[in-house]
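Some notes on the structure that comes next.
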Amino acid sequence: MNLHTLLLDKFKAALIAIGAPEGTPAPLSRTTRAGFGHYQFNGAMALSKVLKQNPREIAQKIVDAVELDTEVEKLEVAGPGFINIYLNPEWLAQQLQAANADVRLGIEAEQQQTVVVDYSAPNLAKEMHVGHLRSTIIGDAVAKTLEFLGHKVIRQNHMGDWGTQFGMLLAHLNDKLAANEVAETALSDLEDFYRAAKVRFDNEEGFADRARDYVVRLQSGDAQCMQLWQNFIDVSIAHSEEVYDRLNVALKRSDVMGESAYNNDLAATVAELQSAGIVVESQGAQVAFLQEMADKEGNPAAYIVQKSGGGYLYATTDQAAIRYRNGVLGADRTLIFTDVRQALHFKQTELVARKAGFINAQQSYEHCPFGMMLGSDGKPFKTRTGGTVKLAELLDEAIERAEVLINQRESDLSAQERKIIADKVGIGAVKYADLSKNRTTDYIFNWDSMLSFEGNTAPYLQYAYARVQSIFRKAHVDDVNLQADIQLDEMQEQLLAIKLMQYVEAIKQVSNEATPHVLCTYIYELASLFMGFYEACPILKEGIDEQTKNSRLMLAQLTAKTLQSGLDLLGIETMDKM
RNA sequence: GGUUCCAUAGCUCAGCUGGAUAGAGCAACGCCCUUCUAAGGCGUGGGUCGAAGGUUCGAAUCCUUCUGGGACCA
């Protein structure tokens, strides 16, 4: 059941019935202010000019024409011609009843699409730092949401596992192994390893030449070199997987489709672009000139797919990836989560790929950008020592802080239970801090706000869930077999009920726009309304009759299910006690 | 130089295809734990939505110019 869709269809029909021209906008929205109903239809004012009638009269005609009966308590014309829609609490109660009885919470699956979601994509030469958080968890949340809505999601971890810096790393690794070090030990700290290799590259006689030699051997598929590379990659991927595991991110080894995976397709990709006439030779390089993106003087943008020396670029790999995803995997949609600096690149990439027919007219290619991480001074983020904050360290800190907080509180929880809770609360807080912001612009990294457990944070949402579980424990009610008629008498009950019914609206928006913060906002509002309901509408206290008690238990139950479902889509875990 | 994005409360951010009195959290101040978990609830203060024009019955939202900042391309 989708309230918005239901009402919109009815109002569209009403517009036709009163003789509005086809294509008349039907602006129907949730109401932001109490006293203006639950939804409002604002189409009458704009029609005033077209129909040459008073907007309030038009609004009244729409009200008369709209075929809403049991769904609605009343429709009122207000102000210059707003139509305020008040939903019928009894009808709402029935919808909630149905949603609560359904494992999918009353949300129907959409028509299935195959969606490739490209996210995380760490650079395997370096350790994951906080800057990698966004792509990883936003992409994961969107992927899960798409799956929930019934789509076939193919995750692609386009890891940076190829390129010239690997020459340097492999040369260094080779020496370490020759000195009888174990790869895992040598690579235990990727940052240190990278730095050490870089120092040698810059200072050590002959090392740079050996590094370049390794690049050539790597690209030509030299067996010994590939073995060394594989060694490096295995350890490095294991590092990433450790972080994914801690972050409760669903990426698996089988989702890895790194840059190296396209190495053998690059020549063929360029050849196809050439034969299609999209790419031509210019100063020895293979270039697509894009007139569509020309500057003021009419100079087309240049998109290089092969350098004059024969080397390939990101552009080539991305074209090959499209060929694979849209051709072999049959993607209807492709979502790519990277930082905003690559926006121009992806715009050009799409243009070229469409011209080449790698993407057909029915397929979408959506770059989903996010901003850079800045320090509190508004400049690119660096720690005091000039480095980046390692993701693993951030998570450690979050869990530690959560543990301190838990230990301050009175509770009957065992030490082991506290540990588990600290883990879920700490990780949840870090993820939520990032997920709840959408802006494609840069964002300010701040330890305290990222590790905060108060207000609009994951712990608040987890706490709301735990409160419901506590009620059920105290009530000794079988959570599964609770049967009662929901009745919505109190204002807090009605507000909660309508919010519960709007879950589907939130997740549809997340899937359409790849914006998990919409879901965060929704869950926060839901939890907030539940807290209000919890304070105002006692459930187990004395003097509450059986029917009211059970009705409220049902509301609490559906709230818990919705919270859990939403948090699960965000990759945030819930717990029964905290 | 070209392209492009951004500017909302002291701070961090929401604001859906233009809608009624611009919302949250944090921070500040006041109240509520013998009462279903106070990681909570209720309340107060805090904004010329960067500036100026324009379109519209209606603009934080759309258009133009300007100011400031970022990014990308060269």
Side-chain angles (χ1 to χ4, degrees), chain A residues 4 8 25-33 35-36 40-46 48-49 54-55 78-82 84 293-297 299 301-303 339-345 347-348 369 371-372 374 376 378-380 402 405-406 408-412 421 425 429 433 436-446 448-450 452-464 466-475 505-506 508-509 512-513 515 517-518 520-521 524-525 527-528 530-542 544 549 552-553 556 577-578:
Chain A
H4 186 267
L8 187 59
L28 180 90
S29 56
R30 292 191 292 271
T31 306
T32 47
R33 189 175 300 278
F36 293 151
Q40 55 179 313
F41 182 80
N42 300 330
M45 284 82 79
S48 170
K49 206 160 243 181
N54 177 307
F82 299 109
N84 295 335
M293 297 180 69
D295 63 17
K296 268 183 187 165
E297 275 88 52
N299 303 313
Y303 181 84
D339 77 68
V340 71
R341 286 177 296 186
Q342 300 182 47
L344 178 64
H345 165 72
K347 204 172 164 192
Q348 294 178 339
M372 287 175 63
L374 304 177
S376 51
K379 295 191 173 134
L405 187 68
I406 292 165
Q408 280 169 0
R409 295 160 59 82
E410 295 260 333
S411 76
D412 54 357
I421 292 166
V425 167
S436 59
K437 292 171 189 147
N438 172 54
R439 297 247 133 196
T440 56
T441 49
D442 302 337
Y443 68 110
I444 313 272
F445 175 78
N446 180 287
D448 290 327
S449 67
M450 190 150 254
S452 166
F453 301 132
E454 279 177 12
N456 187 4
T457 62
Y460 177 88
L461 310 172
Q462 292 168 320
Y463 182 66
R467 276 185 147 182
V468 179
Q469 300 314 312
S470 173
I471 293 170
F472 272 81
R473 273 196 303 278
K474 285 235 160 66
E505 295 176 29
K508 288 222 179 202
Q509 200 180 340
N512 289 337
E513 298 165 14
T515 49
H517 82 285
V518 171
C520 291
T521 303
Y524 176 67
E525 286 170 355
S528 190
F530 173 77
M531 295 292 194
F533 162 81
Y534 181 91
E535 300 279 336
C537 303
I539 300 175
L540 305 178
K541 293 186 181 175
E542 266 182 54
I544 303 298
K549 180 182 105 176
R552 288 177 178 171
L553 279 171
K577 287 183 188 175
M578 66 184 278

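A 3.5 Å limit on both hydrogen-bonding distances identifies G19(B) as the Watson-Crick or G-U partner of C57(B).
Leu374(A) comes within contact range of no nucleotide atom at all, as no heavy-atom separation falls under 4.0 Å. Within the 4.0 angstrom heavy-atom criterion, base atoms lie near Asn42(A). Residue Asn54(A) is classed as having no contact, given no heavy-atom separation below 4.0 Å to the nucleic acid. Val518(A) comes within 4.0 angstrom of nothing in the nucleic acid, heavy atoms only. Ser449(A) comes within 4.0 angstrom of nothing in the nucleic acid, heavy atoms only. Across all strands, Asp339(A) comes closer than 4.0 Å to no nucleic acid atom at all (heavy-atom distances). Looking at heavy-atom distances under 4.0 Å, Glu505(A) makes no contact with the nucleic acid at all. Looking at heavy-atom distances under 4.0 Å, Ala46(A) makes contact with a base. Within 4.0 Å (heavy atoms only), Met578(A) reaches at least one base atom of the nucleic acid. The residue Ile471(A) sits close only to the backbone: its heavy atoms come under 4.0 Å of sugar-phosphate atoms, none of a base. Nucleic acid contact for Phe36(A): base, since at least one base atom lies under 4.0 Å from a heavy atom of the residue. Among the protein residues, Met531(A) comes within range of the sugar-phosphate backbone only, with heavy atoms under 4.0 Å from sugar or phosphate atoms but none that close to a base. Within 4.0 Å of Leu28(A), counting heavy atoms only, lies at least one base atom of the nucleic acid. At the heavy-atom level, Ala302(A) lies nowhere under 4.0 Å from the strands shown.
Interface remark: the Glu525(A) side chain does not form any donor-acceptor pair with the A24(B) base, using a distance-only criterion of under 3.5 Å. For A74(B), its base never sits under 3.5 Å from the side chain of Asn299(A) at any donor and acceptor pair.
Side chain of Asp442(A) to main chain of Met372(A): a donor-acceptor pair is present (N/O by atom type, distance under 3.5 Å, no hydrogens or angles). Between the Ser470(A) side chain and the Ala466(A) main chain, no donor and acceptor come within less than 3.5 Å of each other. Distance alone, capped at 3.5 Å, places no donor-acceptor pair between the His4(A) side chain and the Arg30(A) backbone.
Contact record, Val468(A) with Ala556(A): CG1-O, 3.3 Å, taken as the closest heavy-atom pair. Considering all non-hydrogen atoms of both residues, Ala536(A) and Pro538(A) come closest at O-CD, 3.2 Å.
One finds no side-chain N or O of Arg341(A) lying less than 4.0 angstrom from the OP1 or OP2 phosphate oxygen of G70(B). Between Lys474(A) and U37(B) there is a side-chain N or O to OP1 or OP2 distance below 4.0 Å. One finds a side-chain N or O of Arg439(A) lying less than 4.0 angstrom from the OP1 or OP2 phosphate oxygen of A14(B). Applying the 4.0 Å criterion to OP1 and OP2 of C57(B), one finds that Lys49(A) has a side-chain N or O inside that range. Taking only side-chain nitrogens and oxygens, His517(A) comes nearer than 4.0 Å to OP1 or OP2 of G15(B). Between Arg467(A) and A38(B), a side-chain N or O to OP1/OP2 separation shorter than 4.0 Å is present.
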Heavy-atom protein contacts under 4.0 Å, nucleotides 25-31 of chain B, coded B base, S sugar-phosphate only, - none: SS-----
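Rounded to the nearest 0.5 angstrom, Ile421(A) CD1 and Ser411(A) OG are separated by 7.5 Å.
Sequence order on RNA chain B of the closest nucleotides to Arg473(A) and Pro80(A) puts Pro80(A) first from the 5' end. Heavy-atom nearest nucleotides on RNA chain B were determined for Glu535(A) and for Pro538(A), and the one closer to the 5' end corresponds to Pro538(A).
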Contacts under 3.5 Å, N or O only, protein and nucleotides 42-47 of chain B:
none

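Relative to the side chain of Ser470(A), the nucleotides G19(B), U37(B), A14(B) differ in distance, and U37(B) lies closest.
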